[in-house]
Amino acid sequence: KNIAYVWYKQFCQSLSNIGENEGGIDKFSRGYESFGVHRCADGGLYCKEWAPGAEGVFLTGDFNGWNPFSHPYKKLDFGKWELYIPPKQDRSVPVPHGSKLKVVIASKSGEILYRISPWAKYVTREGGNVNYDWIHWDPEHSYKFKHSRPKKPRSLRIYESHVGISSHEGKVASYKHFTCNVLPRIKDLGYNCIQLMAIMEHAYYASFGYQITSFFAASSRYGTPEELKELVDTAHSMGIVVLLDVVHSHASKNSEDGLNMFDGTDSCYFHSGPKGTHDLWDSRLFAYSSWEVLRFLLSNIRWWLEEYGFDGFRFDGVTSMLYHHHGIGQGFSGDYNEYFGLQVDEDALIYLMLANHLVHTLYPDSITIAEDVSGMPALCSPISQGGVGFDYRLAMAIPDKWIQLLKEFKDEDWNMGNIVFTLTNRRYLEKCIAYAESHDQALVGDKTLAFWLMDAEMYTNMSVLTPFTPVIDRGIQLHKMIRLITHGLGGEGYLNFMGNEFGHPEWLDFPRKGNNESYHYARRQFHLTDDDLLRYKFLNNFDRDMNRLEERCGWLSAPQAYVSEKHEGNKVITFERAGLVFIFNFHPSKSYTDYRVGTALPGKFKIVLDSDAAEYGGHQRLDHNTDFFSEAFEHNGRPHSLLVYIPSRVALILQNVDLPN
């Protein structure tokens, strides 16, 4: 508690310093309004950069025939530089929309360096060029948003998406393609939130968007900034909120088209020397204590909210930010000494508090999610209580548990108690996003759950015209069960990576030298679910109906479940949440007649979701017309109980029909 109080005091001091020196965080976070290149009311251009290590700064480009020194910036205090270019004689802008620019840095060592402004709004790579070009983006008609932001969902069902791989064709898909073809699918599946990966510009496509080169530029490989705005606006029209996967934990080492060595020194935005480099990621680490770095990162947060209409963020690499050791070689047992001490990077922690404060002050309905593997306490507690202020954290132990079970244990050796413990092991009042698998599990070198379950048989035995093989039968049934128990028990939000909902075959691998620049695995074959002769449609149907039932009943926003049974011999798990009774029989062969299940509620129950139904590729062993009546017969600590037939490898949800919806 004392340490949390110290952090809160430091946060308040930082906020106070920003107020005294910059007129408040509102003004401070609008850096993009002055830094970079801007058209003035008189038609001229105002340009501003922070380059503390430079001897001289100049602007060059198409507009001056690439003369490197004709347009020098004037040196200001604190390492800032500014330049005003008057309009042409006909009062037109001196640098037209679409023309190329470069900042020229004269370094202290006498080098002349060509750089892209850290505040560049659009960069693109032409033809076979290795490096990106900075394009001045100032269209005559920018996109006008037509739809208001949706309200914050009470239950968060996230569809983790990557625009570039969203087509079945072997190419980089576009914002337009995603808007027209993928958004309707997401809506139909019952997801109310999209988490967009790889939007901030990254020179290396195969980095999956995690080696950022231009922080204010939406990736041009998918289209224009206006087309991304249209994507977000269209999602809003469907009632879907859109989160950006924001990478403020590190930056690409690129200097020609990245932030690294911007002013000719190894510091500027980063720590100098070894402290400024992440050994595993081979990338640069921000100096969060620097005033101008804070301005840059907080302005970046605001830019994506204001300019593109994003509804919040999933912060990547939070573990690396929180600790000086960056989580490298750390086991994190849960001992509180691991979270409080000299290993904590308090500058980064205060930055995260400032970022969450800014997001929630600007847009109270915004959502922030932390990707933290360490389990840092109070990460999702309010800042006023000494917390870091995130709304949710990712429940990162859950997918690891499913992979471990599939890799290392026979079905009959699965430990029900251990599954329940993993799914419920979270601090009270710290909300978690549960997921069975995300993009991490789909990457080359690993396998999706569907591929762990069915592997090579997915190529030959997914046709409905062929009989179920034991492998395909087991795979389809467990795929549904794993998802439902994760959805129902694992958190206060749910996440799925695009395509995994229907058991997308194979893995994910971006074009690179090691695979001869192939796009074969960098795509999503949505058409597989549209083929009536393939079994993928069953998994897709189940995912859709699971989400739609949650929308109706709201178990994600309900208090944690009451688990009444985790029976090792029978392989049965039962729990109640949001007035529903969830029943899982993981036994590979045993079915149970008149199985007694405890419940808090008296009355009549009906089946509202059954993984064994025909439309989900099940064996139709249950009659949905059956009424189940609970009696005042105490069982497993519940005052009432009912008798249910539970077939092998089946997940059921029963609803009390005597209660109002």
Side-chain angles (χ1 to χ4, degrees), residues 102 113-118 120-135 160-167 170-175 178 195-225 228 244-262 266 269-270 276-286 300 304 314-317 320 326 371 438-440 442-446 497-498 507-524:
K102 277 278 167 78
L113 307 167
Y114 286 78
R115 296 286 187 252
I116 289 176
S117 169
K121 300 183 181 100
Y122 187 67
V123 296
T124 186
R125 181 187 279 155
E126 290 188 346
N129 291 358
V130 174
N131 294 323
Y132 273 71
D133 290 310
W134 171 20
I135 307 293
E160 187 183 31
S161 305
H162 184 293
V163 170
I165 64 167
S166 63
S167 161
K171 65 177 187 180
V172 178
S174 66
Y175 295 125
F178 192 93
Q195 183 178 297
L196 278 183
M197 307 174 65
I199 293 297
M200 300 164 76
E201 190 60 273
H202 48 292
Y204 185 43
Y205 190 43
S207 75
F208 220 148
Y210 291 120
Q211 294 267 345
I212 306 299
T213 41
S214 289
F215 283 74
F216 286 83
S219 183
S220 61
R221 52 171 58 86
Y222 320 126
T224 67
L228 173 58
L244 177 74
D245 201 344
V246 73
V247 187
H248 282 180
S249 46
H250 65 129
S252 166
K253 262 191 172 173
N254 288 20
S255 54
E256 298 280 326
D257 54 8
L259 277 188
N260 191 22
M261 306 284 291
F262 173 68
D266 80 331
Y269 288 93
F270 310 106
T277 302
H278 195 293
D279 293 335
L280 286 185
W281 297 343
D282 192 33
S283 53
R284 298 303 314 275
L285 296 170
F286 287 106
N300 191 236
W304 293 106
R314 177 256 199 198
F315 279 75
D316 179 68
S320 175
H326 307 300
E371 188 225 16
S438 70
H439 71 271
D440 285 324
L443 285 171
V444 65
D446 207 337
F497 177 65
M498 63 187 312
W507 52 89
L508 197 56
D509 191 14
F510 287 84
R512 55 191 171 85
K513 279 182 185 168
N515 64 14
N516 295 319
E517 303 295 335
S518 168
Y519 283 88
H520 182 73
Y521 297 109
R523 58 199 182 108
R524 297 278 93 176

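Residue numbers run from 1 in the order of the sequence given.
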Peer 1: Is the His162-His439 ring centre distance short of 6.0 angstrom?
Peer 2: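 Between His439 and His162, which both carry aromatic rings, the centre distance is not below 6.0 Å.
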Peer 1: Which word best sums up how the rings of His250 and Trp281 line up, parallel for under 30°, tilted for 30 to 60°, or perpendicular for over 60°?
Peer 2: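 Correct class here is tilted.
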Peer 1: Are any of the side-chain heavy atoms of Met200 and Asn300 separated by less than 4.5 Å?
Peer 2: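 Side-chain contact under 4.5 Å: yes.
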Peer 1: Would the distance check show the side chain of Arg284 and the main-chain N or O of Asp266 forming a donor-acceptor pair, the cut-off being under 3.5 Å?
Peer 2: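 Pair found, side chain donor or acceptor close to backbone of Asp266.
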Peer 1: Atom OG of Ser283 and atom OH of Tyr210: how far apart are they, to the nearest 0.5 Å?
Peer 2: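 Ser283 atom OG to Tyr210 atom OH measures 13.5 Å (nearest 0.5 Å).
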Peer 1: Which word best sums up how the rings of Tyr222 and Tyr175 line up, parallel for under 30°, tilted for 30 to 60°, or perpendicular for over 60°?
Peer 2: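 The arrangement is perpendicular - the two ring planes meet at more than 60°.
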Peer 1: Is the centre of the Phe262 ring less than 6.0 Å from the centre of the Phe215 ring?
Peer 2: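 No, ring centres 6.0 Å or more apart.
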Peer 1: Which pair of non-hydrogen atoms, one from Leu244 and one from Trp304, has the smallest distance, and what is that distance?
Peer 2: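 Here Leu244 and Trp304 meet closest at CD2-CG, 3.4 Å.
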Peer 1: With no hydrogens and no angle check, is any side-chain donor or acceptor of Arg523 less than 3.5 Å from a backbone partner on Lys171?
Peer 2: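 Looks like no, no N/O pair under 3.5 Å.
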Peer 1: Closer than 3.5 angstrom, by distance alone: can the side chain of Glu201 be matched with the main-chain N or O of Tyr122 as a donor-acceptor pair?
Peer 2: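 No, because the side chain of Glu201 does not come within donor-acceptor range (under 3.5 Å) of the backbone of Tyr122.
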Peer 1: Test your reading of the model: is there a side-chain donor-acceptor pair from Ser207 to the backbone of Gly209, 3.5 Å cut-off?
Peer 2: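 Checked: pair present.
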Peer 1: Could you label the plane-to-plane angle of the Tyr205 and Tyr519 rings as parallel, tilted or perpendicular, counting under 30° as parallel and over 60° as perpendicular?
Peer 2: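 Geometry flag for Tyr519 against Tyr205: tilted rings.
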Peer 1: Can a donor-acceptor pair be found, under 3.5 Å and without considering hydrogens, that links the side chain of Arg512 to the backbone of Tyr204?
Peer 2: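 A pair under 3.5 Å: no.
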Peer 1: Would you confirm whether Arg524, through its side chain, and Met498, through its main-chain N or O, come within 3.5 Å as a donor-acceptor pair?
Peer 2: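 Yes, the answer is positive, given that a donor and an acceptor are paired below the 3.5 Å cut-off.
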Peer 1: My understanding is that only residues two or more places apart in sequence, or in another chain, count here; which of them pass ring pair (Phe, Tyr, Trp, His ring centres under 6.0 Å) with His202?
Peer 2: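 For His202, no residue satisfies ring pair (Phe, Tyr, Trp, His ring centres under 6.0 Å) once neighbours in sequence are set aside.
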Peer 1: Would you compute the distance between atom CD of Gln195 and atom OG of Ser438 and round it to the nearest 0.5 angstrom?
Peer 2: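 OG of Ser438 is found 8.5 Å from CD of Gln195.
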Peer 1: For Asp245, which of Leu196, Asp316, Ile199 qualifies under side chain to side chain contact (heavy atoms under 4.5 Å, CB included)?
Peer 2: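 Result: among Leu196, Asp316, Ile199, Asp316 is the only option passing the side chain to side chain contact (heavy atoms under 4.5 Å, CB included) with Asp245.
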Peer 1: Quickly, which of Ile116, Ile212, Thr213 forms a side chain to side chain contact (heavy atoms under 4.5 Å, CB included) with Asn254? Name it, please.
Peer 2: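 Result: among Ile116, Ile212, Thr213, Thr213 is the only option passing the side chain to side chain contact (heavy atoms under 4.5 Å, CB included) with Asn254.
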Peer 1: Mind checking the OG-CD spacing from Ser220 to Glu126? Nearest 0.5 Å is all I need.
Peer 2: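 With rounding to 0.5 Å, OG (Ser220) is 10.0 Å from CD (Glu126).
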Peer 1: Any chance you could measure Asp282, atom CG, to Ser252, atom OG, to the nearest 0.5 Å?
Peer 2: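 It is 9.0 Å, given to the nearest 0.5 Å.
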Peer 1: Within a strict 4.5 Å, meaning less than it, do heavy atoms of the Val246 and Phe315 side chains meet?
Peer 2: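 A side-chain contact under 4.5 Å exists here.
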Peer 1: In Å, rounded to the nearest 0.5 Å, how long is the span from OG of Ser214 to CG of Leu259?
Peer 2: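 These two atoms lie 7.5 Å from each other.
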Peer 1: How many angstroms lie between CZ in Phe510 and OH in Tyr521, if you round to the nearest 0.5 Å?
Peer 2: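 If we round to the nearest 0.5 Å, Phe510:CZ and Tyr521:OH are 14.5 Å apart.
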Peer 1: Closest approach of Ser255 and Met261, non-hydrogen atoms and distance?
Peer 2: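 The answer is CB-CB, 4.0 Å.
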Peer 1: Where do Ala203 and Asp257 come nearest, in terms of heavy atoms and distance?
Peer 2: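 In terms of heavy atoms, the two residues are closest at CB-OD2, 4.0 Å.
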Peer 1: My understanding is that only residues two or more places apart in sequence, or in another chain, count here; which of them pass ring pair (Phe, Tyr, Trp, His ring centres under 6.0 Å) with Tyr114?
Peer 2: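 Ring pair (Phe, Tyr, Trp, His ring centres under 6.0 Å) check on Tyr114 returns nothing, list empty.
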Peer 1: What are the two closest heavy atoms between Ser219 and Ala198, and how far apart are they?
Peer 2: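 In this case the closest contact between Ser219 and Ala198 is CB-O, 4.1 Å.
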